[in-house]
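This report refers to the structure that appears directly beneath it.
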There are 2 protein chains.
Amino acid sequence: MAWKVATFNVNGIRSRMAPVLEWLDRHRPDALCLQELKCQNADFPLDAFRKAGYFAAFRGQKAFNGVAVLSRSEPSEVLLEFGDGKPDEEARLIAVKLNGIWIVNTYVPQGRSPEEPAFEYKLDFFGRLKSWLDGRFEPSQPLVWTGDINVAPEAIDLFDPKRLAGKVSFHPREHEALAAVAAWGLVDVFRKLHPDTKQFTFWDYRLPQSFKRNLGWRLDHIYATRTLADACLECQADGEPRGRETPSDHTPVWAEFDLERLGAE
Amino acid sequence: MAWKVATFNVNGIRSRMAPVLEWLDRHRPDALCLQELKCQNADFPLDAFRKAGYFAAFRGQKAFNGVAVLSRSEPSEVLLEFGDGKPDEEARLIAVKLNGIWIVNTYVPQGRSPEEPAFEYKLDFFGRLKSWLDGRFEPSQPLVWTGDINVAPEAIDLFDPKRLAGKVSFHPREHEALAAVAAWGLVDVFRKLHPDTKQFTFWDYRLPQSFKRNLGWRLDHIYATRTLADACLECQADGEPRGRETPSDHTPVWAEFDLERLGAE
DNA sequence: GAGGGTGATG
DNA sequence: CATCACCCTC
């Protein structure tokens, strides 16, 4: 029996309910991680997801950020913060334990540009994430890290790696920070299964016709700990929602795992 | 051969192009008067109307008001102001001469409430209109006055005349002002043809389920000078557009005239 | 409740 | 280009 996990930066959940509900209906993932809810907790459309057969754990915030995990079974644990004592945290992290497997959903800061403080904040976020994984989890456990990671790991993961080398989301310091997190014990399952495939998950609104011309980036990822990654059957970005009338700038990514090959649950 | 004239307060032409073009296609009026364009001249969708086979005369304004007349033949004259010397006028009047018949399209100020200056401005608008008709036209000529008149003439023309008596759009001073314009020589052709029919043209967004519960007002009218009114074959409000997904708060009204009974053109 | 304007962010 | 916030009008 395959276990399906997905991620989707919705760019405003209130403006994206139709495509999200249709996507849930078509794919029936066991868990769907959402980023950029851009709404407060009180405005989160809990009922609509319940009617669609999904539990929802979420952390909203006014206007910006906001993350959720929708799931067909109820999480046994939910975490909403790193809990490392840094104050006034933004709503960029949520982790849920589903049938014994942790799913960590992050909306990594975009970073603006390497010259700005936002870039350091982004790098620091990766550092905090690594420390948090180190302190709370074991790489030997089945665990998924997913979300809008806001880094294209390699040249194949963006439309113009030469021109964009050193820019935000494709900068050596970001690659280093991401690699440090992965070194904890996480595998990019899309790239594991498709070593040579160029497949994007984000196309900038501000670039004219970016989706039609496929001028995109692979910024949304599904990482898994080693044993779980070995049980991964497939991972794909689904460009369909990005082709619609008023889409998010991101599109969903999903992965299927054969949990029986794992002995989990 | 019937001559068909219609009026539609669109509440933002840019947000209402689909229903307007479909309505034009289905009804093929000789003239369609629009109010509340809510766009500047530069943003008026002239090309789309041309493709649909219509000429357009219009007076836009940023954010508010804005009036247009779409017509299958090109107007021989267009007027955009009362020209009575009052400054800084809002885009609430357009008149076009079509095949020898003047069509006067107004978006009469709503008036807010009888206690506010906006109410006096509304009454003054009727006064200016009357003077303008007096100075420029003859009631013996065929002439149509239509648009969002923002007054329910009689008790039958709103859903709760008792509770709303004396409120804006159903106030004695508005009735007086409207009657004074009509006394120039204009007949409400809907009421002429349907003396006892309760039929609304506006349902407030702010009243829950107002359209479904038919809690409406007849605020959009087609007046004609005597000889033309006598040639009127039919006049109806078409509720269909108001029943759609994201409708205007108003719905179109149309009237057909038998011009041969007139000897016009 | 639904248009529109402005200004901010990505 | 497309979110959201806050403002105004009907």
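Lettering follows sequence order; numbering is per chain, from 1. Note: hydrogens, waters and symmetry copies are ignored here, and every other heavy atom, side chains too, is used.
Atom NZ in B/Lys62 sits about 11 Å away from atom C1' in C/dG4, given to the nearest Å. One interatomic measurement links the two molecules: CD of A/Gln40 to P of D/dC6, which rounds to 9 Å at whole-angstrom precision. Separating the CG atom of B/Asp249 from the P atom of D/dT9 is a distance of 16 Å, rounded to the nearest angstrom. Atom-to-atom, CG of A/Asn11 to P of C/dA8 comes out at 19 Å; the value is rounded to the nearest Å. Note: CH2 (B/Trp203) to C1' (C/dG1) measures 16 Å, nearest angstrom. Taking atom CD of residue B/Glu90 and atom C1' of nucleotide D/dC8, one finds them 14 Å apart after rounding to whole Å. The distance from atom CD of A/Gln61 to atom P of C/dG10 is 11 Å, rounded to the nearest whole Å. Rounded to an integer number of Å, the gap from A/Gln209 CD to D/dC1 C1' is 11 Å.
Here the side chain of A/His221 pairs a donor or acceptor atom with the backbone of A/Val151 at under 3.5 angstrom.
The side chain of B/Ala63 approaches C/dG4 more closely than any other nucleotide in the set D/dC1, D/dA5, C/dG4. Closest approach to the B/Lys38 side chain among D/dA5, D/dC1, C/dG3 is made by C/dG3 (side chain taken as heavy atoms from C-beta onward). If you check D/dT9, D/dA5, C/dG4 against the side chain of A/Arg14, the one that comes closest is D/dA5.
The shortest distance between the side-chain N/O atoms of B/Ser248 and the OP1/OP2 oxygens of C/dA2 is not below 4.0 Å. For D/dA2, the OP1/OP2 oxygens have no side-chain nitrogen or oxygen of A/Ser15 closer than 4.0 Å. Note on B/Arg206: every side-chain N or O is 4.0 Å or more away from OP1 and OP2 of C/dA2. Under 4.0 angstrom from either OP1 or OP2 of D/dA2 there lies no side-chain N or O belonging to A/Arg16.
Among the protein residues, B/Thr246 comes within range of the sugar-phosphate backbone only, with heavy atoms under 4.0 Å from sugar or phosphate atoms but none that close to a base. Using a 4.0 Å heavy-atom distance criterion, B/Tyr107 is classed as a sugar-phosphate-only contact.
Taking a cutoff of 4.0 Å between a charged side-chain nitrogen and a carboxylate oxygen, A/Arg128 and A/Glu89 qualify as a salt bridge. Look at A/Glu22 and A/Arg244 and you find a salt bridge, because one of the NZ, NE, NH1 or NH2 atoms lies within 4.0 Å of a carboxylate O, short of that distance. A salt bridge is absent between A/Glu81 and A/Lys86; no separation between the charged side-chain nitrogens and carboxylate oxygens falls under 4.0 Å.
Here the two rings, on A/Tyr107 and A/Phe125, have centers that are 6.0 Å apart or farther.
Comparing A/Leu207 and B/Gly111 by the nucleotide of DNA chain D whose heavy atom lies nearest to each, the residue mapping closer to the 5' end is A/Leu207.
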